[in-house]
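Here's the structure, in C-alpha cells; my notes come after.
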Amino acid sequence: MALADPDLSDSTAFITGTTRGIGKQIALALADRGCNVVSTGKTTDDDDSELAGSIEQTAREVRERGPEALALELDLRDEDRVEAVVEEAIDRFGEVDIVINNASAIQLANVADLPADRFDLLTDVNVRGTHLVAHAFADHLAGLDEAWLLSNSPPIVTDRSPGKAPYAWSKLGMSFITLSLAEELASDDVGCNTFWPVTTIDTRATRYFGLGTEDDWRTPEVVSDAVLEILARDPAECTGNSFYDEDLLREAGVTDFSAYNVTEGDPAPMSARLFAPEFERED
C-alpha cells in the first residue's frame, strides 16, 4: 500500500467549514504536505460557544506544521461576504489553486415535516453556497496553470430520496454545480470533482443527529486520505468525476480499512446508501 503524498508546498487551499470534523482534517492533511490554508467557517475564537474548534484554532494548527494560514469568518449565505473573503484570500496569497467546498448543513426529514426556513438553510448553505464559492473563484482558477475545485458531495445516482428529500436535493445540487463546472472549465486544466464517504464519518453532526453508533463510523482521516489521492493526480485529466473514498483508497492499494474505524466493528456503507439505497461494495 502506498498512499499518495503529494508535494503541495507551492499551493494554497481555500476550504469551507474548517472548524472541526472533515474540513479541519482536510486542512491539516494538506498542511502536512506543505499547503497554505485559508480556514473559513462561522465559529471564531470570540464566539461564546461550547463547541470545540474555531477557524483560528485550525489556522494555528496549520502554522504549527509550517505553512501559512489565514482565518476568515464566513457565512456561506452571505454573497457579499463570500466575494470579500475570496478577494482577501487571493490578495494575501496571490494564487489559490485548491478550492474545497466542505461546509454543509444537514437535516434528514420528510417533506411534510421540514419547515420552509430549514429548507432554505439547506439550500442556501449547500447548493447556493457551493455556487457562490465556485462563481467567485471560477475566473481565478481558470487563469492558473493547474487548479482544483472539489466538493464534499455524493454521486448523482437517484431522482428521489424519500425521508430526506430536501437534504438530498441540496447535496446533489452541490455535485451538479461541481460537475457542470468541470465541463465549463474543461479547457483550463481545472479539475472539478466530488468526493463522498462510503461510511458515516465521526463528526459533531453525526453524533448530534444520531446517525448510527460508533460501530458505524470511520474517522475523518479516511476522507482526507481520499482527497490527497485526488490532489496527486493531473487536474487536466482528472475532472468531472464523483469519487467514493473507498474506491480512491482501494486504487492506492488499501485492502484493510480497520485503521479508519472508530471501533473494531465493520461499518456498513450508510453514507453511500443515503442516496443510493442499493449500493454494494465491490468485491
Side-chain angles (χ1 to χ4, degrees), residues 11-19 21-27 29-30 35 37-41 74 76-77 82 85-86 89 96-106 121-138 140-142 146-158 161 166-186 188 190-198 201 203 205 220 222-231 233 235 238-248 271-272 274-276:
S11 292
T12 297
F14 180 101
I15 308 171
T16 65
T18 58
T19 56
I22 293 172
K24 179 175 182 176
Q25 177 55 38
I26 291 174
L30 268 59
C35 188
V37 172
V38 182
S39 172
T40 76
L74 176 60
L76 285 170
R77 295 170 292 181
V82 171
V85 299
V86 169
V96 176
D97 57 327
I98 301 171
V99 175
I100 300 180
N101 292 298
N102 168 74
S104 187
I106 180 173
L121 175 67
L122 295 172
T123 299
D124 289 349
V125 172
N126 298 354
V127 62
R128 185 173 181 270
T130 296
H131 169 75
L132 291 178
V133 171
H135 170 76
F137 269 114
H140 176 75
L141 296 175
E146 293 183 350
W148 296 96
L149 186 141
L150 308 178
S151 295
N152 184 1
S153 56
I156 301 173
V157 294
T158 184
S161 193
Y167 174 65
W169 129 258
S170 67
K171 293 301 292 185
L172 296 172
M174 292 176 67
S175 297
F176 196 87
I177 293 291
T178 304
L179 299 177
S180 297
L181 193 65
E183 297 295 322
E184 294 172 9
L185 300 180
D188 297 304
V190 182
C192 301
N193 303 279
T194 72
F195 58 91
W196 190 247
V198 168
I201 304 300
T203 66
V222 70
V223 181
S224 63
D225 281 354
V227 169
L228 291 173
E229 292 296 325
I230 298 174
L231 296 179
R233 302 184 180 192
C238 179
T239 191
N241 304 290
S242 286
F243 293 111
Y244 282 120
D245 59 351
E246 284 189 9
D247 291 343
L248 285 163
S271 186
L274 274 175
F275 308 104

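The model shown is predicted, which means the values in this text are computed figures rather than measured ones. We use all heavy atoms of the structure for the numbers below, so side chains are in, but hydrogens, waters and symmetry mates are not.
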Heavy-atom side-chain proximity of Cys238 to Phe243 below 4.5 angstrom: yes

Distance in Å, Tyr244 OH paired with Thr194 OG1, rounded so as to fall on 0.5 Å steps: 9.0 Å

Nearest-0.5 Å distance, CG of residue Leu179 to OG of residue Ser153: 7.0 Å

Between Asn102 and Thr16: side-chain donor-acceptor atoms closer than 3.5 Å: no

Reported SG-to-CD1 distance for the pair Cys35 and Ile26, which is rounded to 0.5 angstrom: 11.5 Å

Residue pair Leu122 / Ala105: nearest heavy atoms and the distance that separates them: CD2-O, 3.4 Å

Check: Tyr167 and Asn126 side chains under 4.5 Å, non-hydrogen atoms: yes

Side-chain donor-acceptor contact under 3.5 Å, Ser271 with Trp196: yes

Side chain to side chain contact (heavy atoms under 4.5 Å, CB included) between Val223 and Gln25, intermediate numbers included: CA-CA 8 Å; Val223 181; Gln25 177 55 38; over 6 Å; no

Rounded distance [0.5 Å steps], CD1 in Ile98 versus CG in Leu141: 10.5 Å

From Phe14 atom CZ to Asp97 atom CG, the distance as rounded to the nearest 0.5 Å: 13.5 Å

Stepwise side chain to side chain contact (heavy atoms under 4.5 Å, CB included) test for Asp247 and Val198: CA-CA 9 Å; Asp247 291 343; Val198 168; 5.9 Å; no

Value rounded to 0.5 Å, distance of OG in Ser39 from CD1 in Ile15: 8.0 Å

Minimum side-chain heavy-atom gap Arg233-Asn193 below 4.5 Å: no

Shortest non-hydrogen contact from Val38 toward Ala89: CG2-CB, 3.9 Å

Over all atoms of both residues, closest heavy-atom pair of Gly21 and Thr203: CA-CG2, 4.4 Å

Close side-chain approach of Ile177 to Val127, heavy-atom, < 4.5 Å: yes

Shortest non-hydrogen contact between Thr130 and Met174, atoms and distance: OG1-CG, 3.3 Å

Side-chain donor-acceptor pair present, Thr123, Trp169, cut-off under 3.5 Å: yes

pair Leu231-Leu150: side-chain heavy atoms closer than 4.5 Å: yes

Side-chain heavy atoms of Ser104 within contact of Asn152, under 4.5 Å: no

Heavy-atom check, side chain of Leu76 versus side chain of Val133, under 4.5 Å: yes

Heavy-atom pair with the smallest gap, counting every atom of Leu74 and Val85: CD1-CG2, 3.9 Å

Shortest non-hydrogen contact between Leu172 and Pro155, atoms and distance: CD2-O, 3.5 Å

Heavy-atom side-chain contact between Arg77 and Val125 under 4.5 Å: yes

Among Asp245, Thr178, Ile230, side chain to side chain contact (heavy atoms under 4.5 Å, CB included) partner for Phe195: Ile230

